[in-house]
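Take a look at the structure below.
Throughout, a chain's letter reflects where its sequence line sits, starting with A, and its residues are numbered from 1.
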Number of protein chains: 2
Amino acid sequence: MSIPFSRALEKWNRDEEFRKAHEALDEEFALARMIIEARLRAGLTQEELAERMGTSQSAIARIEGGHRPSLKTLERIAEATGSRLKISLEPASD
Amino acid sequence: MSIPFSRALEKWNRDEEFRKAHEALDEEFALARMIIEARLRAGLTQEELAERMGTSQSAIARIEGGHRPSLKTLERIAEATGSRLKISLEPASD
DNA sequence: AAGGTTTATATCATAAATGTTATAAGGAGT
DNA sequence: ACTCCTTATAACATTTATGATATAAACCTT
């Protein structure tokens with residue numbers, strides 16, 4: 001796989017074509033995207049976020065690259081980015 | 001720790017006092033509660049849910065008892081209980 | 001209280017996520 | 001081209017969640 005999502009999101013507003021190609025993969029990497037967006041909202045680099053979380057830049061890159069984080073890690077990301085993590089299990093619409 | 005949440009939720013409507021004592025611990029075990037509720041909504045026992053997920057009853061009990069599941073496991077629970085898993089990282093209200 | 005059903009606990013091997021360090025690669029600006 | 005900043009990848013040790021099995025405890029009905 002290995003798709004540079006962080007860079008992609010940073011390009012988001014500069015490159016319309018890139019944006020479209022990206023939305024196709026949307027569902028699959030929805031979580032990674034949310035994490036990247038939360039970080040960018042907070043105006044942090046991977047390195048800065050890592051520091052706030054007490055981990056390394058490479059660990060952040062790994063997660064943003066698509067590797068599923070644990071809930072504990074997700075919570076730490078939420079706190080470090082000034083975000084609120086919401087999880088729900090609702091009756092499905094099917 | 002070791003608090004019998006599943007049983008607690010099953011008592012929910014039969015024992016008002018028990019319910020109140022329970023709500024105090026609410027936030028801490030919110031996720032476990034959601035999972036138990038999803039299972040009960042689907043009318044499943046731990047054993048039945050485990051079967052649908054291809055795992056064991058003890059694994060379900062462990063999770064419902066408070067051990068943090070992985071996202072992969074959460075997704076499997078959602079599917080097996082006919083629920084929809086929603087995760088979001090929103091800008092905090094602080 | 002006895003038997004059947006359901007849930008909780010314990011133990012241990014395996015799998016997955018993380019922490020860590022180092023290095024490569026991409027992008028922006030001079 | 002060359003820096004500088006940032007993100008991606010790789011390898012390995014450690015931690016955490018899972019799978020599996022067995023057993024205990026709680027609940028319910030008669």
Side-chain angles (χ1 to χ4, degrees), chain A residues 1-15 18 22 25 29 31-33 35-81 87, chain B residues 1-15 18 22 25 29 31-33 35-81 87:
Chain A
M1 292 283 151
S2 87
I3 298 166
F5 273 104
S6 307
R7 301 253 183 232
L9 278 172
E10 282 159 357
K11 266 191 175 175
W12 208 256
N13 297 316
R14 315 199 291 276
D15 187 343
F18 205 89
H22 219 252
L25 305 172
F29 290 90
L31 181 59
R33 230 188 83 192
I35 293 172
I36 295 169
E37 286 173 342
R39 175 172 62 82
L40 297 181
R41 259 201 315 272
L44 300 172
T45 64
Q46 291 182 346
E47 175 66 36
E48 291 166 334
L49 174 56
E51 193 176 13
R52 290 194 187 190
M53 290 172 56
T55 184
S56 62
Q57 176 268 327
S58 70
I60 304 299
R62 188 166 44 191
I63 289 166
E64 293 189 354
H67 275 251
R68 262 191 260 245
S70 67
L71 289 179
K72 202 171 115 210
T73 299
L74 254 188
E75 284 161 8
R76 285 192 296 155
I77 290 173
E79 185 179 4
T81 58
I87 298 178
Chain B
M1 293 284 148
S2 86
I3 299 166
F5 273 105
S6 306
R7 302 252 183 231
L9 278 172
E10 283 158 355
K11 265 192 175 177
W12 209 255
N13 297 315
R14 315 199 292 274
D15 187 342
F18 205 89
H22 219 253
L25 305 170
F29 288 91
L31 180 60
R33 229 186 84 192
I35 293 172
I36 295 170
E37 287 173 342
R39 175 171 63 81
L40 297 181
R41 262 202 313 272
L44 300 172
T45 65
Q46 290 183 346
E47 175 66 37
E48 290 166 336
L49 174 55
E51 192 176 13
R52 289 194 189 190
M53 290 172 57
T55 184
S56 61
Q57 175 268 325
S58 69
I60 305 299
R62 187 166 44 192
I63 289 167
E64 293 188 354
H67 274 251
R68 264 191 257 241
S70 67
L71 288 180
K72 204 171 116 211
T73 299
L74 253 187
E75 285 161 7
R76 285 192 297 153
I77 290 173
E79 185 179 4
T81 58
I87 297 178

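Each of B/Glu48 and B/Ser58 was matched to the nucleotide of DNA chain C holding its nearest heavy atom; the match closer to the 5' end belongs to B/Glu48.
Side-chain to base pairing of B/Glu64 with C/dA8: no donor and acceptor N or O lie closer than 3.5 Å to each other. A donor-acceptor contact under 3.5 Å is not formed by the side chain of B/Thr45 with the base of C/dT5. Looking at A/Gln57, its side chain comes within 3.5 Å of the base of D/dA8 through a donor and an acceptor atom.
Atom CD of B/Glu75 and atom C1' of C/dA17 are 15 Å apart (whole Å). C/dT6 atom P lies 12 Å from atom CG of B/Leu40, rounded to whole Å. The distance from atom CD of B/Glu51 to atom C1' of D/dA20 is 15 Å, rounded to the nearest whole Å. The distance from atom CG of A/Leu44 to atom P of D/dC5 is 17 Å, rounded to the nearest whole Å. Taking atom NE2 on A/His67 and atom C1' on D/dA10, their separation rounds to 11 Å, with Å as the unit. At whole-Å resolution of the value, CD1 in A/Ile63 and C1' in D/dT9 are 15 Å apart. Taking atom CD of B/Glu47 as the reference point, atom P of C/dG4 lies 17 Å away to the nearest angstrom. One can place CD1 of B/Ile36 at 16 Å from P of C/dT6, the figure rounded to the nearest angstrom.
Counting all heavy atoms, side chain and backbone alike, A/Ile35 lies closest to A/Pro69 at CD1-CG, 4.1 Å. Residues B/Ala38 and B/Thr81 share a closest heavy-atom pair of O-CB, 3.7 Å.
Taking the side chain as every heavy atom from C-beta outward, A/Glu51 and A/Leu44 never approach each other to under 4.5 Å.
Considering only side-chain N and O atoms, B/Arg62 lies nowhere under 4.0 angstrom from the phosphate OP1 or OP2 of C/dT11. At C/dG19, one or more side-chain N or O atoms of A/Thr55 fall inside 4.0 Å of OP1 or OP2 (strictly under the cut-off). Taking 4.0 angstrom as the limit, A/Arg39 places a side-chain polar atom (N or O) nearer than this to OP1 or OP2 of D/dT7. Proximity of B/Thr73 to the phosphate of D/dT18: a side-chain N or O atom is located under 4.0 Å from OP1 or OP2.
Of the candidate nucleotides C/dT18, C/dT20, D/dA8, C/dT18 has the atom lying nearest to any side-chain atom of A/Arg76. For A/Ala61, the side-chain atoms get nearest to D/dA8 when compared with the rest of D/dA8, C/dG19, C/dT21.
With rounding to the nearest 0.5 angstrom, the CZ atom of A/Arg52 is 11.5 Å from the CD1 atom of A/Ile60.
A/Ser70 comes within 4.0 angstrom of the backbone, heavy atoms only, and of no base.
Between B/Gln57 and B/Glu47, the side chains place no donor N or O within less than 3.5 Å of an acceptor N or O (distance only, hydrogens not considered).
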